[in-house]
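Report on the structure given below.
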There are 2 protein chains.
Amino acid sequence: MLDQTTEMNLLYDFYGSLLTEKQRALLEMYYALDWSLGEIAEHQGVSRQAVFEAIKRAQATMLDLENKLGLLHKHTERQQIAEEILRRLDDEPEARSRIEPLIKKMVDLD
Amino acid sequence: MLDQTTEMNLLYDFYGSLLTEKQRALLEMYYALDWSLGEIAEHQGVSRQAVFEAIKRAQATMLDLENKLGLLHKHTERQQIAEEILRRLDDEPEARSRIEPLIKKMVDLD
């Protein structure tokens with residue numbers, strides 16, 4: 001189980017481009033800069049409650065997107081398959097090293 | 001270059017879940033069932049022009065999503081990398097057959 005901050009950061013990596021600019025700014029202050037709700041509220045000139053609700057809405061949007069597209073889930077699965085592929089070539093280090101960068105590239109495309 | 005119908009069908013596979021139920025129904029009639037605009041209009045009890053505009057809007061939404069998330073583009077890239085990985089193991093058929101189903105699984109996750 002991921003803690004909520006880690007999960008939201010990952011969801012943001014996948015779905016940030018679908019949020020509004022205002023939502024992105026909020027989430028960056030809250031998660032990347034680690035500002036408190038009070039600090040964000042002061043910076044934005046709105047109430048702490050308004051910030052809290054806007055963050056909740058952005059989170060709900062990202063969870064809904066994950067529910068529909070499952071990009072984070074697929075990424076995690078892909079990482080596990082990549083590890084299994086490399087494990088299956090453990091006894092053939094030459095073949096393994098020939099394909100390892102490409103396997104990594106397939107996962108990193110996400 | 002993909003023709004427009006093929007591209008829209010692929011985009012629909014990736015982004016259909018983010019469209020409204022009404023948009024999905026329209027696109028399925030138009031692309032999967034290959035109904036004409038006139039046939040859809042009659043079935044829905046709206047004008048041909050209304051159907052045309054609704055389909056255009058759904059297409060624009062999918063193109064915008066592809067612009068932001070690039071899932072179709074990434075899928076195509078992933079297919080190419082998968083082929084290159086298998087090619088690099090052409091002279092080691094045993095190793096190749098050991099990982100081929102997993103490589104396929106990584107691509108098919110999309």
Side-chain angles (χ1 to χ4, degrees), chain A residues 10-25 27-28 58 60-110, chain B residues 10-25 27-28 58 60-110:
Chain A
L10 286 168
L11 290 176
Y12 184 72
D13 288 342
F14 285 100
Y15 302 114
S17 67
L18 298 187
L19 299 177
T20 66
E21 213 159 309
K22 204 179 143 193
Q23 286 179 312
R24 279 201 295 273
L27 292 180
E28 300 224 338
T61 298
M62 295 197 296
L63 289 168
D64 180 55
L65 286 165
E66 174 62 9
N67 205 26
K68 287 171 174 162
L69 294 178
L71 299 182
L72 173 54
H73 178 76
K74 286 174 183 176
H75 179 66
T76 309
E77 264 197 80
R78 207 143 22 216
Q79 279 178 320
Q80 286 163 355
I81 299 170
E83 282 165 24
E84 174 62 21
I85 289 171
L86 296 175
R87 205 160 30 235
R88 288 196 188 179
L89 294 175
D90 263 351
D91 54 348
E92 275 155 289
E94 202 279 318
R96 184 184 151 124
S97 69
R98 217 185 304 155
I99 67 158
E100 189 161 4
L102 291 177
I103 297 284
K104 195 175 170 326
K105 201 170 160 189
M106 271 180 101
V107 174
D108 291 346
L109 262 182
D110 280 326
Chain B
L10 285 168
L11 289 176
Y12 184 73
D13 288 342
F14 285 101
Y15 301 114
S17 66
L18 298 186
L19 300 177
T20 65
E21 212 158 308
K22 204 179 143 195
Q23 285 179 313
R24 278 201 296 272
L27 293 180
E28 300 224 338
T61 298
M62 294 197 296
L63 289 168
D64 180 56
L65 286 165
E66 174 63 10
N67 204 25
K68 287 171 174 162
L69 294 178
L71 299 183
L72 172 55
H73 178 76
K74 286 175 184 175
H75 178 66
T76 308
E77 265 198 77
R78 205 138 29 211
Q79 279 177 319
Q80 287 164 354
I81 299 170
E83 281 165 25
E84 174 63 22
I85 290 171
L86 295 176
R87 204 159 32 236
R88 288 196 188 180
L89 295 175
D90 263 349
D91 54 347
E92 276 155 289
E94 201 280 315
R96 185 184 150 125
S97 70
R98 217 185 305 155
I99 67 158
E100 189 162 2
L102 291 176
I103 297 284
K104 196 175 170 326
K105 200 170 161 188
M106 272 181 99
V107 173
D108 290 346
L109 262 181
D110 280 325

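Chain letters run A, B, ... following the sequence lines, proteins first and then strands; every chain starts at 1.
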Quiz item: Got a sec: does the CD of B/Glu94 have more than 12 other heavy atoms crowding it under 6.0 Å?
Solution: yes
Quiz item: What heavy-atom pair brings A/Ile103 and B/Ile85 nearest, and what distance separates the two atoms?
Solution: CD1-CD1, 3.6 Å
Practice problem: Could you tell me which portion of A/Leu71 (side chain, backbone, both or neither) has an atom closer than 4.5 angstrom to a non-hydrogen atom of chain B? | Solution: side chain
Exercise. Taking B/Arg78 for its side chain and A/Leu109 for its backbone only, find out whether a donor-acceptor pair lies under 3.5 Å.
Key: no
Practice problem: Report the distance from atom CG of A/Leu69 to atom OH of B/Tyr15, rounding to the nearest 0.5 Å. | Solution: 8.0 Å
Quiz item: Picking from A/Met106, A/Glu84, A/Glu77, which has the most non-hydrogen pairs under 4.5 angstrom with chain B?
Solution: A/Met106
Quiz prompt | Atom group of A/Asp110 that falls short of 4.5 Å from chain B, counting heavy atoms | solution = both
Practice problem: Examine whether an atom of A/Glu92 lies under 4.5 Å from a heavy atom of chain B, and if so say whether it belongs to the side chain, the backbone or both; otherwise answer neither. | Solution: side chain
Quiz item: Could you give the distance from CG (B/Asp91) to CZ (A/Arg98), rounded to the nearest 0.5 Å?
Solution: 5.0 Å
Exercise. Compare every heavy atom of B/Arg88 with every heavy atom of A/Ile99, then report the nearest pair and how far apart it is.
Key: CG2-CB, 4.2 Å
Exercise. Count the heavy-atom pairs under 4.5 Å between each of B/Leu65, B/Leu102, B/Leu89 and chain A, then report the option with the highest count.
Key: B/Leu102
